[in-house]
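Worksheet: one structure, shown below.
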Amino acid sequence: MNLMDLLKQYADSPTDTHADFDTVARQVPPDVLGSGIAQALRSDQTPSFGNMIGSLFGGSSPQQRAGLLSELIRAAGPTVLASLGGGALGKLVQGMKGGSSAQSTQLSPEDASKVTPDELTQIASGAEKADPGIIDKIGAFYGQHPDVFKAVGGLAMAIAMGHIAKQMKQ
């Protein structure tokens, strides 16, 4: 089956398969894959953005976790970060150069490992409210790391492939 035939089945009637996602991820440009991932992250057919981020965070390497969390912190801004108070993330941000300067935030893998799942969900939800464009940034980030995206499940992969199929037709 060629790539366009494979993608067409997701545009018409999505199915759940990790193997197809692997095939598509290897053959489409990362920006197209990232756009499909972003579409799945914002879909009302998938869990909330915060919950999906939790799955992605859990399946990511320590370096990817640090990169993801840094993106979320930059998007969330100081108001959201201040609301986290005394948690691990709040302490990390306070300890960084410039106090709570979210713009220059780059956490280490060790820093990211200290963040609890609840804090991660809060920061992701706050980041989405503060900057809806964060979904596209996270999609692009995981477009570079497609194996991790499989942690969100078959429906999300099917939605991503359906969007990719529509993009490839244009």
Side-chain angles (χ1 to χ4, degrees), residues 21 24-25 28-85 87-153 155-164 166-167:
F21 185 80
V24 169
V28 300
D31 63 317
V32 173
L33 181 60
S35 177
I37 289 171
Q39 189 65 28
L41 291 172
R42 72 171 49 90
S43 175
D44 60 1
Q45 297 174 353
T46 57
S48 71
F49 177 69
N51 287 338
M52 300 235 339
I53 290 300
S55 294
L56 289 170
F57 192 78
S60 295
S61 72
Q63 292 78 17
Q64 292 165 343
R65 288 178 182 182
L68 171 62
L69 193 53
S70 296
E71 283 289 338
L72 292 171
I73 288 171
R74 280 191 288 275
T79 304
V80 172
L81 298 176
S83 72
L84 295 174
L89 185 58
K91 291 176 186 170
L92 288 172
V93 172
Q94 287 174 354
M96 289 188 282
K97 267 199 262 183
S100 62
S101 174
Q103 300 297 45
S104 62
T105 301
Q106 184 57 49
L107 298 176
S108 71
E110 182 181 335
D111 292 335
S113 72
K114 296 175 185 174
V115 176
T116 68
D118 185 50
E119 288 173 323
L120 181 68
T121 301
Q122 288 176 25
I123 191 77
S125 297
E128 180 186 19
K129 287 177 187 155
D131 177 9
I134 188 63
I135 295 174
D136 294 315
K137 292 174 186 168
I138 299 301
F141 182 81
Y142 282 104
Q144 300 291 325
H145 310 287
D147 285 345
V148 178
F149 187 69
K150 293 188 290 186
V152 298
L155 178 59
M157 288 185 290
I159 291 169
M161 287 190 282
H163 182 74
I164 290 166
K166 289 174 187 166
Q167 276 189 292

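For Ala160 against Phe21, the heavy-atom pair with the smallest separation is CB-CE1, 4.5 Å. In plain terms, the two heavy atoms of Phe57 and Ala112 that are nearest each other are CZ-O, 3.6 Å. For the residue pair Ala40 and Thr46, the shortest heavy atom distance occurs at O-OG1, 2.9 Å. Shown here for Val24 and Met161, the closest heavy-atom pair between the two residues is CG2-SD, 3.7 Å. Nearest heavy atom pair, residue Ile134 against residue Glu71, reads CD1-O, 3.6 Å. In terms of heavy atoms, Ala76 sits closest to Ile123 at CB-CD1, 3.6 Å.
At a threshold of 4.5 Å between non-hydrogen side-chain atoms, the residues His145 and Ser60 do not count as touching. For the pair Leu56/Leu41, a side-chain contact is recorded, criterion being any heavy-atom separation below 4.5 Å from C-beta on. Between Phe149 and Leu33 the shortest side-chain heavy-atom distance does not fall below 4.5 Å. Proximity of Asp136 to Arg42: side-chain heavy atoms (C-beta onward) are separated by under 4.5 Å at one or more points. In this structure, the side chains of Leu72 and Leu120 come closer than 4.5 Å at one or more pairs of heavy atoms. Side-chain contact between Lys137 and Asp131 is present, with heavy atoms from C-beta onward closer than 4.5 Å.
Interatomic distance, Gln144 CD to Gln64 CD, rounded to the nearest 0.5 Å: 10.5 Å. The distance from the CD atom of Glu128 to the OG atom of Ser48 is 7.5 Å, given to the nearest 0.5 Å. In this structure, OG in Ser108 is found 10.0 Å from CD in Gln63, a value given to the nearest 0.5 Å. Summarising the geometry, atom CD belonging to Gln39 is positioned 8.0 Å from atom NZ belonging to Lys166; distances are rounded to the nearest 0.5 Å. Atoms CG and CD1, on Leu68 and Ile73 in that order, are 9.5 Å from each other to the nearest 0.5 Å. Annotation: the span from Asn51 atom CG to Thr121 atom OG1 amounts to 5.5 Å, rounded to 0.5 Å.
Using a distance-only test at 3.5 Å, with no hydrogens or angles considered, no donor-acceptor pair links the side chain of Ser35 to the main chain of Asp31. Side chain of Ser125 to main chain of Gln122: no donor-acceptor pair is present (N/O by atom type, distance under 3.5 Å, no hydrogens or angles).
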